Peer 1: 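The structure's right below; bear with me while I get my questions together.
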Amino acid sequence: MSYENILVETRGKVGLITLNRPKQLNALNDALMDEVGAALAVFEADEGIGAVVITGSEKAFAAGADIGMMAKFSYMDAYKGDYITRNWEKVKTCRKPIIAAVAGFALGGGCELAMTCDIIIAAETAKFGQPEVKLGILPGAGGTQRLPRAVSKAKAMDLCLTARMMGAEEAERAGLVSRVVPADKLLDEALTAAAQIAEYSLPVVMMIKESVNRAFESGLAEGLLFERRAFHSCFALDDQKEGMAAFVEKRPASFKNR
Ligand code: HXC
């Protein structure tokens, strides 16, 4: 498949997707999100890939959904066509971990795309925001739902209602971001974290992702039960035998993803 709005590479066991509409600060449209979905499907099917990194440019991870495109929408375009958001499913349902490596603007749909990923690593230059209110709309791809779960109701209300941007340090303090690094180290840091994850047992990594996500979809008792069943199932894996044998024998584990 050839891509026009993203760059797609493989770095060892890591799939790398770079959003690439530099003139529009990586504004998201259906073509771009279709390509992100297609690239994720390829990585998902590739046994050799253990984790994915999505990044943008130095200036922008993504400055939101393409306003030029949305400006012409009627209600029927938005509702029946389900433009932009209809392509987000693959990011949400991808079973392998996805790290968002964010420098510069992550606004509106850009912030929502980062939040749909599993880990956000931010450059010191990163700026997060949900400025849709300025355009006469509200966030439409999880901003009002994922942001309060990540940073508290007060801060989510602040960002969504005032449209102010939050810098990387504030985002880390608030819990949106897992690490903040100098801009020139961003991609290395994200690729190293992804490569580390990709060395672990893929079925276990997938169970961890599924279980953590369950915390946001269920009550505590149901989530704990889900986790316990997944934990029990690990004992059917060769990788559990290998991981524990390696510890006992004081050597690095070599997982076979089964
Ligand atoms: C289309 C965009 C864009 C966007 C920037 N551009 N953001 N085009 N859609 N979301 C374009 C500009 O029009 C401009 O093109 C070029 O990128 C550079 O942007 P500038 O504004 O000149 O840069 P700067 O002064 O540095 O300001 C950067 C900025 C500003 C603060 C990020 O561009 C901005 O406020 N953008 C809009 C952010 C936003 O409102 N996002 C939410 C969108 S709604 P030209 O051709 O003039 O050079 C949304 C809803 C999601 O995301 C719903 C579900 C997915």
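Indexing begins at 1, ligand by ligand and atom by atom, following the structure's order. Computed from a predicted model, the values in this text were never measured in an experiment.
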Peer 1: Do me a favour and list the nearest non-hydrogen protein atom to atom 34 (C) of ligand 1 with residue, atom name and distance?
Peer 2: L107 CD1, 4.8 Å
Peer 1: If you have a sec, work out which protein heavy atom is nearest atom 24 (P) of ligand 1 and how many Å separate them, to one decimal?
Peer 2: K59 NZ, 4.1 Å
Peer 1: Can E9 and R11 be counted as an ion pair, charged N to O under 4.0 angstrom?
Peer 2: yes
Peer 1: Ion pair present between E47 and K13, side-chain N to carboxylate O less than 4.0 angstrom?
Peer 2: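 Salt bridge: no.
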Peer 1: Under 4.5 Å between side-chain heavy atoms, counting indirect links through other Ile/Leu/Val/Met/Phe/Trp/Tyr residues: same cluster for L16 and M33 or not?
Peer 2: no
Peer 1: Pull out every atom of ligand 1 sitting under 4.0 Å from any heavy atom of G108, numbered as shown with elements.
Peer 2: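 Close to G108: 42 (C), 52 (O).
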Peer 1: Please determine whether a side-chain nitrogen of the Lys or Arg among D238 and R258 lies less than 4.0 Å from a carboxylate oxygen of the Asp or Glu.
Peer 2: yes
Peer 1: By number and element, which atoms of ligand 1 are closer than 4.0 Å to a non-hydrogen atom of A141?
Peer 2: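 Contacts of ligand 1 toward A141, numbered from 1: 54 (C), 55 (C).
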Peer 1: Tell me: protein heavy atom nearest atom 55 (C) of ligand 1, and distance?
Peer 2: I84 CG2, 3.5 Å
Peer 1: Looking at F226, is R214 sitting on its ring face, NZ or CZ under 6.0 Å from the six-membered ring centre and within 45 degrees of the normal?
Peer 2: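 Yes - R214 lies over the ring of F226, closer than 6.0 Å to its centre and within 45° of its axis.
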Peer 1: From atom 6 (N) of ligand 1, is the closest protein heavy-atom distance below 4.0 Å?
Peer 2: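 So atom 6 (N) of ligand 1 has protein heavy-atom neighbours under 4.0 Å.
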Peer 1: Please could you name the atoms of ligand 1 that M70 approaches to less than 4.0 Å, counting only its heavy atoms?
Peer 2: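 With M70 as reference, the close atoms of ligand 1 come out as 44 (S).
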Peer 1: Does the protein put a heavy atom less than 4.0 Å from atom 45 (P) of ligand 1?
Peer 2: no
Peer 1: How about Y83 and F73: are their ring centroids closer than 6.0 Å?
Peer 2: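 Distance test on ring centres: under 6.0 Å, yes.
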Peer 1: Report the nearest protein non-hydrogen atom to atom 14 (C) of ligand 1: residue, atom name, distance rounded to 0.1 Å.
Peer 2: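 Nearest protein contact, heavy atoms only, for atom 14 (C) of ligand 1 is K23 O, 4.3 Å.
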Peer 1: Could any protein non-hydrogen atom be found less than 4.0 Å from atom 48 (O) of ligand 1?
Peer 2: no
Peer 1: Check this for me - ligand 1, M165, N or O atoms closer than 3.5 angstrom, yes or no?
Peer 2: no
Peer 1: Please check if a non-hydrogen protein atom sits closer than 4.0 Å to atom 30 (C) of ligand 1.
Peer 2: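 Within 4.0 Å of atom 30 (C) of ligand 1, no protein heavy atoms are found.
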Peer 1: For atom 27 (O) of ligand 1, is there a protein heavy atom at a distance under 4.0 Å?
Peer 2: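 No, because not a single protein heavy atom sits under 4.0 Å from atom 27 (O) of ligand 1.
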Peer 1: Please work out whether the ring planes of F235 and F231 are parallel, tilted or perpendicular, with thresholds of 30° and 60°.
Peer 2: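 Answer is perpendicular, since the angle exceeds 60°.
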Peer 1: Between E112 and R146, does any NZ, NE, NH1 or NH2 come within less than 4.0 Å of an OD or OE carboxylate oxygen?
Peer 2: no
Peer 1: Nearest protein heavy atom to atom 2 (C) of ligand 1, by residue and atom, and its distance?
Peer 2: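 That would be Q24 O, 3.8 Å.
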Peer 1: Using protein heavy atoms only, decide if any is under 4.0 Å from atom 41 (N) of ligand 1.
Peer 2: yes
Peer 1: Quick one: do the K209 and S211 side chains pair a donor with an acceptor below 3.5 Å?
Peer 2: no
Peer 1: Report the part of L135 in contact with ligand 1, treating N, CA, C, O as backbone and CB onward as side chain, heavy atoms under 4.0 Å; options are side chain, backbone, both, neither.
Peer 2: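 Just the side chain.
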Peer 1: From atom 12 (C) of ligand 1, is the closest protein heavy-atom distance below 4.0 Å?
Peer 2: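 Neighbour list for atom 12 (C) of ligand 1 is empty of protein heavy atoms (cut-off 4.0 Å).
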Peer 1: Is there a protein heavy atom at a distance of less than 4.0 Å from atom 17 (O) of ligand 1?
Peer 2: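 Yes, there is one.
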Peer 1: What I want to find out is whether R21 reaches D66 closely enough, with some N-O distance under 4.0 Å, to be called a salt bridge.
Peer 2: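 Here R21 pairs with D66 in a salt bridge, since their nearest N and O are under 4.0 Å apart.
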Peer 1: Do the charged groups of E170 and R173 touch, with an N to O distance under 4.0 Å?
Peer 2: no
Peer 1: Count I, L, V, M, F, W, Y as connected when their side-chain heavy atoms are under 4.5 Å apart, and connections chain through other members. Are V205 and M244 then in the same cluster?
Peer 2: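 In one cluster with V205: M244, no.
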Peer 1: Under 3.5 Å between some N or O of ligand 1 and some N or O of P139?
Peer 2: no
Peer 1: May I ask you to decide whether D158 forms a salt bridge with R164, counting only side-chain N to carboxylate O separations under 4.0 Å?
Peer 2: yes
Peer 1: Which residue and atom name correspond to the protein heavy atom nearest atom 20 (P) of ligand 1, and how close is it?
Peer 2: L25 CD1, 4.6 Å
Peer 1: What residue and heavy atom of the protein are closest to atom 39 (C) of ligand 1, and at what distance?
Peer 2: A63 O, 3.5 Å
Peer 1: Testing the basics here: between I49 and F43, what is the closest heavy-atom pair and its distance to 0.1 Å?
Peer 2: CB-O, 3.7 Å
Peer 1: With atoms numbered from 1 as shown, which atoms in ligand 1 lie under 4.0 angstrom from a non-hydrogen atom of G109?
Peer 2: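 Going through ligand 1 atom by atom, the ones under 4.0 Å from G109 are 49 (C), 51 (C), 52 (O).
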Peer 1: With backbone taken as N, CA, C and O and side chain as the heavy atoms from C-beta onward, which portion of A27 lies under 4.0 Å from ligand 1: side chain, backbone, both, or neither?
Peer 2: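 The answer is the side chain.
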Peer 1: Considering the heavy atoms of E132, write down every atom of ligand 1 situated less than 4.0 Å from one of them.
Peer 2: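 Contacts of ligand 1 toward E132, numbered from 1: 44 (S), 49 (C), 50 (C), 51 (C), 52 (O).
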Peer 1: Among all the protein's non-hydrogen atoms, which is closest to atom 53 (C) of ligand 1, and how far away is it?
Peer 2: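 Going atom by atom, the protein heavy atom closest to atom 53 (C) of ligand 1 ends up being G140 N, 3.9 Å.
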Peer 1: Give the intermediate values and the outcome of side-chain contact (heavy atoms from CB on, under 4.5 Å) for residues W88 and T116.
Peer 2: CA-CA 9 Å; W88 288 58; T116 308; 4.0 Å; yes
Peer 1: For ligand 1, which atoms have a heavy atom of W88 less than 4.0 angstrom away?
Peer 2: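 Those atoms are 55 (C).
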